[in-house]
Amino acid sequence: QVQLVESGGGLVQAGGSLRLSCAHFGSISINTMGWYRQAPGKQRELVATVTSRGSTNYADSVKGRFTISRDNAKNTVYLEMNSLKPEDTAIYYCNAQSTYSYWGRGTQVTVSS
């Protein structure tokens, strides 16, 4: 019953920006939303999380460049990505945590030199 749908990925040159969105659908209450990413040959890693109260947490590699936000009325979480680097290239996954952990299918972000 719970679905997460990511959008906003694409190809951008280094130094550019992208804004990812994740809409969640379902009848459950979600406490924490987050973004994770996985590059080829690497493990999935945390990018950022935000609680329903607005508390945020970021990976050191994206602090100062990425901003996570949440619109509870719209059931949507965003990830604003600025000053993108080729190292940010990965599939970005949306996560929702309640009684269980739910995942979207991912959106590709590619940053060219």
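None of the values given here were measured: they were computed from a predicted structure.
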[X] to [Y] - nearest heavy-atom pair and separation:
X	Y	result
S21	T76	CB-CG2, 4.4 Å
A14	P86	CB-CD, 4.2 Å
K63	Y58	CE-O, 3.4 Å

Rounded distance [0.5 Å steps], [atom1] in [X] versus [atom2] in [Y]:
X	Y	atom1	atom2	answer
N75	H24	CG	NE2	4.5 Å
N95	L4	CG	CG	7.5 Å
Y92	L79	OH	CG	7.5 Å
D71	M33	CG	CE	11.5 Å
I68	E80	CD1	CD	12.0 Å
R70	S55	CZ	OG	11.0 Å

| query | Are D88 and K85 close enough for a salt bridge, meaning some N to O gap below 4.0 Å? | reply |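 Here D88 does not pair with K85 in a salt bridge, since their nearest N and O are not under 4.0 Å apart.
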| request: Begin with the C-alpha distance, continue with both residues' side-chain angles, and end with the deciding distance and a verdict on side chain to side chain contact (heavy atoms under 4.5 Å, CB included) for S7 and T107. | output: CA-CA 6 Å; S7 62; T107 185; over 6 Å; no
Side-chain touch [X]/[Y], heavy atoms, less than 4.5 angstrom:
X	Y	value
Q108	L11	no
R65	M81	no
W103	C94	no
S61	R37	yes
F66	L84	yes

Out of curiosity, does [Y] fall in the hydrophobic cluster containing [X] (side-chain heavy atoms, cut-off under 4.5 Å, transitive links)?
X	Y	value
Y78	Y102	no
L18	V47	yes
V50	Y36	no

| Quick check: are there more than 12 heavy atoms from other residues, nucleotides or ligands sitting under 6.0 Å from CD of Q13? |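 Open.
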Would a distance-only check, ignoring hydrogens and angles, find a side-chain to backbone donor-acceptor pair under 3.5 Å from [X] to [Y]?
X	Y	answer
T89	V111	yes
N82	G16	no
E6	C22	no

| request: Quick one: which residue pairs count as a salt bridge (Lys or Arg N to Asp or Glu O under 4.0 Å) with a foot in residues 99-113, not counting sequence neighbours? | output: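 Every candidate salt bridge (Lys or Arg N to Asp or Glu O under 4.0 Å) pair involving residues 99-113 fails, so no pair, neighbours aside, qualifies.
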| field | Verdict with supporting geometry, Y93 and Q38, side chain to side chain contact (heavy atoms under 4.5 Å, CB included) | value | CA-CA 8 Å; Y93 297 93; Q38 186 169 23; 4.2 Å; yes
